[in-house]
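In what follows, a structure is listed as structure tokens, so that the remarks can point back to it.
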Amino acid sequence: MSRLATIDRRAATWGVVAVLVALAIAVLGSANLRWFDAALVGYLFGTLFAIFGVVYRYTVWLQRPPTARLNRRGWEAFRRPGRRARNAAGLPGLVAGNLLAQRFIAGRSRSRWFAHQLVFWGCVLAALVTFPLVFGLLHFESVGQDGRRYRAFVTELGTLSFDSRSVLGWIVFHLLDISAVLVLAGVFVFLGRRLRDPGALAVERSNDFLALAGLFAVSITGLALTASNLWMEGRFYVFLNTAHALTVILGLMYIPFGKLFHIFQRPANLGVTYYKREGAEGPKQACARCGEPFASRLQMTDIKEVLPDVGFDYSLPEGGNYQDHCPACRRRLVALAQSRAVGGFG
């Protein structure tokens, strides 16, 4: 019980530092809170909570023996002398393919990839609008005496100006609605797949629908606000505004603890790509029983060193390690051990 209650001081320190940096950005970026919207205080609280939680959990995650080993090996492979220029040149392609296009998902399921893309770009678009507004980094001012013309300011730097009734103006003021439509479309594709695909149903977990429910609630209440403003003469606006704020804040607070945390874990996979390349170009591990190569020696060495740190020691009494055997020989060894245990299968 005491172990469960222990707080990682290093992770907590980094979390507090991240929150202080975020507060400094909010104060300085909004010209000492001049452009900070007091109506967004609740969103700011949820954002700061999410920042602390994400940094805390990410720091703890990086300290786990397997993750720490992969992280170190990834950086070593990236900085390998003679390969740095090639690795750096290939990094934009990895970012585009693995993080933006998410091609690795397309190989598993086209519908799953399409749903991920809809949710991913919808959330990215919403974040690019919401967080600058919450931190006071983005605001709009009317231009001259024309009540229809606005200019967007990033901190105190004026950027584009536009007519609020033009196509550009409609897009600017409805970016969050566009992102909500993208997210909702992705959520419905996910739900349809989970309800129809036997494979998805077989591995369903109790909290898998929670992230989808949260994304649905945030999107639908946001769209309801726009509907109230445009077509309902403001009816139920106060209630809908409160409900939307609550769903967003709870969603932000859920991120560090739920399934959406993989958003922050995924970039670390870029280092795994370099690690795999390093292992593929290095010597192979030969099976101790049949002599056939089955994996990179780098990977198997790391596995044998890390497993004892997490409570699994596969060292053999007669010397060597169970991990030195290829998968086929491991199955044979298990079968032989079971046969001896029951006095033979014949």
Side-chain angles (χ1 to χ4, degrees), residues 1-30 32-33 36 40-79 95 98-99 123-124 127 130-132 134-137 205-208 210-211 214 245-275 298-299 301-314:
M1 181 63 70
S2 60
R3 204 175 162 190
L4 291 175
T6 299
I7 295 177
D8 190 298
R9 294 185 179 181
R10 180 183 177 187
T13 299
W14 279 112
V16 170
V17 169
V19 168
L20 292 177
V21 170
L23 284 173
I25 291 174
V27 173
L28 297 177
S30 61
N32 291 325
L33 302 181
F36 179 77
L40 302 179
V41 169
Y43 296 93
L44 179 62
F45 171 78
T47 301
L48 294 177
F49 185 96
I51 289 173
F52 177 84
V54 166
V55 172
Y56 182 93
R57 184 177 175 185
Y58 195 84
T59 305
V60 172
W61 177 67
L62 280 180
Q63 295 178 64
R64 295 177 58 221
T67 313
R69 179 63 63 99
L70 280 175
N71 183 58
R72 178 164 60 85
R73 289 297 195 191
W75 281 110
E76 288 175 352
F78 183 80
R79 297 194 298 258
V95 172
N98 286 10
L99 301 185
C123 290
V124 167
T130 301
F131 293 126
V134 168
F135 285 106
L137 304 177
R205 293 175 296 180
S206 59
N207 65 340
D208 282 349
L210 187 57
L246 184 61
T247 59
V248 172
I249 294 169
L250 290 177
L252 289 169
M253 297 173 71
Y254 165 79
I255 288 175
F257 310 103
K259 192 172 183 179
L260 296 179
F261 182 71
H262 77 275
I263 297 170
F264 304 95
Q265 293 174 306
R266 187 65 204 174
N269 191 63
L270 299 180
V272 175
T273 302
Y274 289 112
Y275 174 63
L298 175 65
Q299 179 186 9
T301 299
D302 287 337
I303 287 176
K304 289 185 287 186
E305 292 178 358
V306 167
L307 281 176
D309 293 336
V310 293
F312 298 96
D313 191 351
Y314 290 97

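Listed by chain and residue number, Tyr274 satisfy the ring-ring contact (aromatic ring centres under 6.0 Å, His included) test with Phe78 (two or more places apart in sequence, or in another chain). Every residue meeting the side-chain contact (heavy atoms from CB on, under 4.5 Å) condition with Pro308, not counting sequence neighbours, appears here in chain and number order: Asp313. Remark: Tyr314 engages Leu307, Phe312, Asn321, Tyr322, Gln323 in a side-chain contact (heavy atoms from CB on, under 4.5 Å) (not counting sequence neighbours). Partners of Pro267 according to the side-chain contact (heavy atoms from CB on, under 4.5 Å) rule, which considers only residues two or more places apart in sequence or in another chain, are Leu99. In this view, Arg73 and Glu76, Asp302 satisfy the side-chain hydrogen bond (donor to acceptor under 3.5 Å, both in side chains) rule, not counting sequence neighbours. With sequence neighbours excluded, the residues satisfying ring-ring contact (aromatic ring centres under 6.0 Å, His included) with Trp61 are Tyr58. With sequence neighbours excluded, the residues forming a salt bridge (charged side-chain N to carboxylate O under 4.0 Å, His left out) with Glu305 are Arg69, listed by chain and number. Considering only residues two or more places apart in sequence or on other chains, Thr273 meets the side-chain contact (heavy atoms from CB on, under 4.5 Å) condition with Leu94, Asn98, Asn269, Arg277.
Partner of Thr47 under the side-chain contact (heavy atoms from CB on, under 4.5 Å) criterion, chosen from Val19, Thr130, Val134, Leu40: Val134. Leu246 pairs in a side-chain contact (heavy atoms from CB on, under 4.5 Å) with only one of the listed residues (Leu250, Val248, Ile249), which is Leu250.
Listed here is the closest heavy atom pair of Ala127 and Pro132: O-CD, 3.4 Å.
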**Prompt:** Where do Asp8 and Tyr56 land on the side chain to side chain contact (heavy atoms under 4.5 Å, CB included) test, with the steps shown first?
**Reply:** CA-CA 8 Å; Asp8 190 298; Tyr56 182 93; 3.6 Å; yes
**Message:** Is there a side chain to side chain contact (heavy atoms under 4.5 Å, CB included) between Val41 and Phe36? Walk through the geometry before answering.
**Reply:** CA-CA 9 Å; Val41 169; Phe36 179 77; 3.8 Å; yes
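A distance-only check finds a donor-acceptor pair linking the side chain of Tyr254 to the backbone of Lys259 [under 3.5 Å].
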